[in-house]
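All remarks here apply to the structure that follows.
Below, all heavy atoms of this structure are taken into account, side chains as well, without hydrogens, waters or symmetry copies.
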Amino acid sequence: MAAAVFNQSIGASQSLGHFNTSGLHQEFGKGSVRLISKAFEVDVGLLKRGCYNSSQRNLSIIRASTSQTSLIDIVSSPSHNKSNDSRKKSGEAALILIRHGESLWNEKNLFTGCVDVPLTKKGVEEAIEAGKRISNIPIDMIYTSALIRAQMTAMLAMTQHRRKKVPVIMHNESEQATAWSQIFSEDTKKQSIPVVADWRLNERMYGELQGLNKQETADRYGKEQVHEWRRSYDVPPPNGESLEMCAQRAVAYFKDQIEPQLLAGKNVMIAAHGNSLRSIIMYLDKLTSQEVISLELSTGIPMLYISKEGKFIRRGSPAGPAEAGVYAYTKKLALYRQKLDEMIH
């Protein structure tokens, strides 16, 4: 069956169109640990000059042991001292990008940015529909922003996945939070998917526009000025972020934290926002600053990429779970769907 599915037509894909940070991964002898941010205080005042900067960062270590391990499988990300050639030897993995469903401020036509508002009923339905579209695609790790609308989208989407694994948010903001959220059943861990929430995947910070009505703002400042704030690459709104500034933090986080997981063969879903996802797609598709500003992402529509040998292959948006061609992008995905069918039937 898998071979038959794999040989079906893939169908039309939707057409869509470097930054480095200090790594949080360290190696000690033959072991490996990953440093996870324990506490973050964002100095918003520094946004005038660039992307978010941390005024305080405490770090905690997730340790692997024979008796007890964190829910996150400690995957040794490739050392920064190794060449790119050695990194490209890793296997194939799926990358799913989802922009959150409609929020309450989307509905009211307000600039939202980093204000933390939930989904509307329509947004909930969009998230569930997105989950149906990816219900046969393997997911080992989930990354989302620190904002509730993206987290709701990820969680609701996973309720539709046929594998029925449970998404579990990792809490490493303090030693107590880490200790209190541990899972002590190995079987339960195997049926769970770690969810990592990070502010660097947040929506672009809209500064003094946040909470303002978009139409009223256009009437006050002029349509051309508001259009420049919203759609230019390097012009920020008053005391806010430009797309370029948003890309600096989002792409750096993707390269430092998410890409090593993909290179290690982990299948990843990212639920985030229009501008943080546009930034990541700019990196994946090698878009120019002019190309990315015209890129539009619909709410609640998943986009699939295949990571293979250090390259990202865009495969468009899965049209629906019942269409066999959607899962014929690679033989690996076709085999995964066949195994799901066998498990359920």
Original post:
Should the heavy atoms of other residues, nucleotides or ligands under 6.0 Å from NZ of K165 be counted, would the total exceed 12?
Top reply: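 Counting neighbours around NZ of K165, more than 12 heavy atoms of other residues, nucleotides or ligands fall under 6.0 Å, so yes.
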Original post:
If you count the non-hydrogen atoms of other residues, nucleotides and ligands that lie under 6.0 Å from NZ in K108, is the total more than 12?
Top reply: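 Result for NZ/K108: open.
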Just wondering, do [Y] and [X] contact through their side chains at under 4.5 Å, heavy atoms?
X	Y	result
L284	F254	yes
S276	N202	no
Q257	D198	no
L95	S307	no
T288	Y233	no
T188	E186	no
I280	L201	yes
I281	Y305	yes

Rounded to the nearest 0.5 Å, how far does [atom2] of [Y] lie from [atom1] of [X]?
X	Y	atom1	atom2	answer
H273	C246	NE2	SG	9.5 Å
N109	T217	CG	OG1	9.0 Å
I183	K190	CD1	NZ	13.5 Å
L243	M282	CG	CE	7.5 Å
L304	R315	CG	CZ	8.5 Å
Y206	K214	OH	NZ	6.5 Å

Quick one: does any side-chain atom of [X] pair with a main-chain N or O of [Y] as donor and acceptor, under 3.5 Å?
X	Y	value
S232	W229	no
N267	A94	yes
T120	E102	yes
H161	I137	yes
S279	V251	no
R99	L277	no
R278	I293	yes
D341	Q338	no
Q160	I128	no

Subject >> Lys/Arg N to Asp/Glu carboxylate O, K339 vs E342, below 4.0 Å >> reply: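 No, K339 and E342 are not salt-bridged.
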Subject >> Basic-acidic side-chain contact under 4.0 Å: R149, E203 >> reply: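 Judged by the 4.0 Å cut-off on N to carboxylate O distance, R149 and E203 do not form a salt bridge.
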Can you see which heavy atom on [X] is nearest to which on [Y], and at what distance?
X	Y	answer
P236	S242	CB-N, 3.5 Å
P237	L209	CB-CD1, 3.6 Å
R249	R204	NH2-CA, 3.6 Å
G113	Q210	CA-OE1, 3.6 Å
D140	I193	O-CG2, 3.6 Å
V226	Y221	CG2-CB, 4.3 Å

**OP:** Give a yes-or-no answer on whether the side chains of D187 and Q191 include a donor-acceptor pair shorter than 3.5 Å.
**Re:** no
Subject >> Residue pair T299 / E126, side-chain donor-acceptor N/O under 3.5 Å >> reply: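 Yes.
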When clusters are formed by joining ILVMFWY residues with side-chain heavy atoms under 4.5 Å apart, either directly or through shared neighbours, do [X] and [Y] land in the same one?
X	Y	result
L119	I134	no
L297	L97	yes
V166	L156	no
L287	I270	yes
L147	M152	no

Original post:
Who pairs with Y336 by ring-ring contact (aromatic ring centres under 6.0 Å, His included), at least two apart in sequence or on another chain?
Top reply: none
Subject >> Listed once per pair and sorted, the salt bridge (charged side-chain N to carboxylate O under 4.0 Å, His left out) pairs that draw on residues 220-234, sequence neighbours left out >> reply: R231-E296
Subject >> Contacts of I169 that satisfy side chain to side chain contact (heavy atoms under 4.5 Å, CB included) - sequence neighbours left out >> reply: Q151, M155, H171, V195
Original post:
side-chain contact (heavy atoms from CB on, under 4.5 Å) with M158: which of M269, K164, R163?
Top reply: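 For M158, the side-chain contact (heavy atoms from CB on, under 4.5 Å) test succeeds with only one of M269, K164, R163, which is M269.
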